[in-house]
Every structure is written in C-alpha cells, then in structure tokens.
Amino acid sequence: MTAAVRGGDTLSSIMTRVPQRRFAGLALDGIDVNAAIAAESNVRLLRQAFDIAQHASERTWAELFARRIYQIDREPAATLRLASFLASVGQCDEAGGLLAGISADANEELYRQVLGILHAKAGRVDEAFALFDTLPGRVHGYHPAAIVLSTAQEMMEQCNIAHTLAVVEKLSESYPAHVLVRSLRLRCHLFAGQFGKARELAQLPERTLEQAPPFERRSFIEAVAESLNLYGWVNELFDFARNKIER
C-alpha cells in the first residue's frame with residue numbers, strides 16, 4: 001500500500017525545486033517528501049533523486065531513496081546500491097546481511113568495493129586491501145582508489161581508533177608521499193593520544209605542501225591546526241594560521 005500524496009507533491013513534480021531547496025528544505029516548506037518517496041515506483045527517477053541527495057550529503061533522504069529502490073527493484077544492483085550506502089554510513093551489520101543475500105559476481109566492482117569497506121571497518125585490514133587494490137582509479141605508489149580514502153575518513157567518526165589507524169598506516173606504507181594520507185595519520189595519532197607522533201607528522205616541508213592538490217593541502221593544514229588547538233598552543237596556532245594566510 002502506498003502513501004497518498006497531493007497532486008503537486010509527487011516526486012516528479014518536486015524534482016525541479018530540489019536544486020534550490022534540497023529535500024530538507026522542501027520538507028520544511030510543508031511538502032510530504034516521505035509520502036512522495038513511498039508512492040513513487042519509477043526506479044529511474046528514484047535513482048536520480050538518490051544521486052542528488054547523496055551528492056548534497058542529505059544522508060537521511062538518500063537512505064530513504066535507496067530503501068525504496070530496494071523495495072521495488074529486486075535486482076542485485078539495487079541491493080548493492082543500498083548495501084554500499086549503509087556500509088558508508090556505518091550500518092555495517094545490515095549491509096553485510098544484504099551482501100550475503102545476493103549472488104553477485106565476485107568480479108562486480110561495486111560488490112568488491114562494499115565488501116572491502118566492510119572488512120576495513122571490522123578491522124580486517126589485509127582482506128580489505130586485497131579488494132581495494134583491485135579497484136579502478138588506483139595508481140601503484142601514487143594514490144589509492146578514491147573509495148579507500150573516503151572510507152578512511154568515514155572510519156574517523158564511525159570506528160574503533162585502532163581499526164582506523166591500522167587502515168591509515170597501511171595506506172601510508174603504500175602511498176608515503178600522499179599528503180591527505182599524512183593528514184589522516186596525524187589525526188589518528190592525535191585521537192589515540194600519541195601526541196609525539198602527531199607532532200612529528202605535522203612537520204612537512206613547505207615545498208611539498210605547496211605542490212599538493214588544493215584539497216589535500218587544505219586537509220593537512222586543518223589537521224595541523226587541530227593538533228595545535230588541542231595542545232592548547234594558542235600562540236603557535238596563531239603563528240601557523242598567519243603564515244598560511246600570508247602564503
């Protein structure tokens with residue numbers, strides 16, 4: 001049984017307003033987005049909405065779209081999409097159950113990606129990297145597949161610090177010059193109370209930092225500033241921030 005929606009509040013009718021208001025804004029405007037999702041049976045439209053919500057970091061809505069797709073589309077691809085989303089937000093038990101219930105081809109990229117994430121977040125680092133190293137986008141010794149870095153960042157919020165540190169140290173072994181990996185290591189050691197190691201990682205030649213891509217450079221600067229603030233070294237934090245602003 002599907003929910004009843006007003007004529008102007010179907011998912012197709014509200015999609016044109018999503019870029020300006022996002023799904024949360026439409027709900028605040030009085031539109032029953034939940035009912036629109038529950039009533040929608042167009043898988044293609046639901047996938048489009050899911051992609052928009054995920055790109056905008058509207059996780060609550062992205063999950064609702066993924067679950068609705070899974071509800072009406074019993075193909076393995078729909079199950080993998082939901083499992084991938086749940087794994088990314090830390091709902092690993094449910095994601096693992098979904099993965100175990102499908103007969104996906106082990107060569108399927110998304111299947112290997114999700115399984116790798118589940119291994120990593122459970123602390124099975126070797127198993128995780130055996131899968132991560134088969135994913136496209138990896139350049140040996142230069143950078144890993146993109147999902148590996150995002151998984152390590154997610155683990156900062158979701159997982160045991162020992163599991164996170166194990167993943168980040170493994171990344172550091174394979175990609176020692178990667179500035180984003182270095183910033184992740186810095187944060188891990190900081191959160192683990194290993195302040196001396198964090199302080200050591202905060203020392204990076206200025207030329208190396210300047211040559212890093214903008215996002216990696218910003219992430220490292222933020223990690224160093226975070227460490228100085230945590231130490232309570234206000235004067236050093238001020239000098240560090242002033243130096244970076246001048247540069």
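Just so it is clear, the structure is predicted and the values come from calculations on it, not from any experiment.
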State whether the side chain of Lys121 and the backbone N or O of Ser88 hold a donor-acceptor pair below 3.5 Å, judged by distance alone. yes
Where the side chain of Thr164 meets the backbone of Met155, is there a donor-acceptor pair that is under 3.5 Å apart? yes
Ring pair (Phe, Tyr, Trp, His ring centres under 6.0 Å) contacts touching residues 64-83 (sequence neighbours left out): Phe23-Phe65
Residue pairs passing the ring pair (Phe, Tyr, Trp, His ring centres under 6.0 Å) test where at least one lies in residues 119-141, sequence neighbours excluded: Phe129-Phe132
Contact check, side chains of [X] and [Y], non-hydrogen atoms, under 4.5 Å:
X	Y	value
Glu222	Arg187	yes
Leu64	Arg68	no
Arg217	Pro214	yes
Pro76	Arg81	no
Leu149	Pro144	yes
Leu82	Ile69	no

For residues 163-184, which residue pairs qualify under salt bridge (Lys or Arg N to Asp or Glu O under 4.0 Å), counting only residues two or more places apart or in two chains? Asp126-Lys170, Glu169-Arg185
In plain terms, say whether Glu210 and Arg207 are close enough for a salt bridge, that is, a side-chain N and a carboxylate O under 4.0 Å apart. no
Could you give the distance from CG (Leu201) to CG (Leu190), rounded to the nearest 0.5 Å? 10.5 Å
Using links of under 4.5 Å between side-chain heavy atoms of ILVMFWY residues, direct or through other members, which residues join Tyr142 in one cluster? Val139
Val148 reachable from Leu165 in the ILVMFWY side-chain graph, under 4.5 Å edges: no
Could you see if Leu171 belongs to whatever hydrophobic cluster contains Phe215? Use Ile, Leu, Val, Met, Phe, Trp, Tyr and a side-chain cutoff under 4.5 Å. yes
Distance-minimising heavy-atom pair for Pro19 and Met15: CD-O, 3.5 Å
Taking every heavy atom of Ala128 against every heavy atom of Gly116, the minimum-distance pair comes out as CB-O, 3.5 Å
Take atom CZ in Arg74; do more than 12 heavy atoms of anything else shown fall under 6.0 Å from it? yes
For Val89, enumerate each residue passing the side-chain contact (heavy atoms from CB on, under 4.5 Å) test, keeping only those at least two apart in sequence or located in another chain. Arg59, Phe85, Gln91
Check salt bridge (charged side-chain N to carboxylate O under 4.0 Å, His left out) between Arg22 and all other residues, then give those that pass, not counting sequence neighbours. none
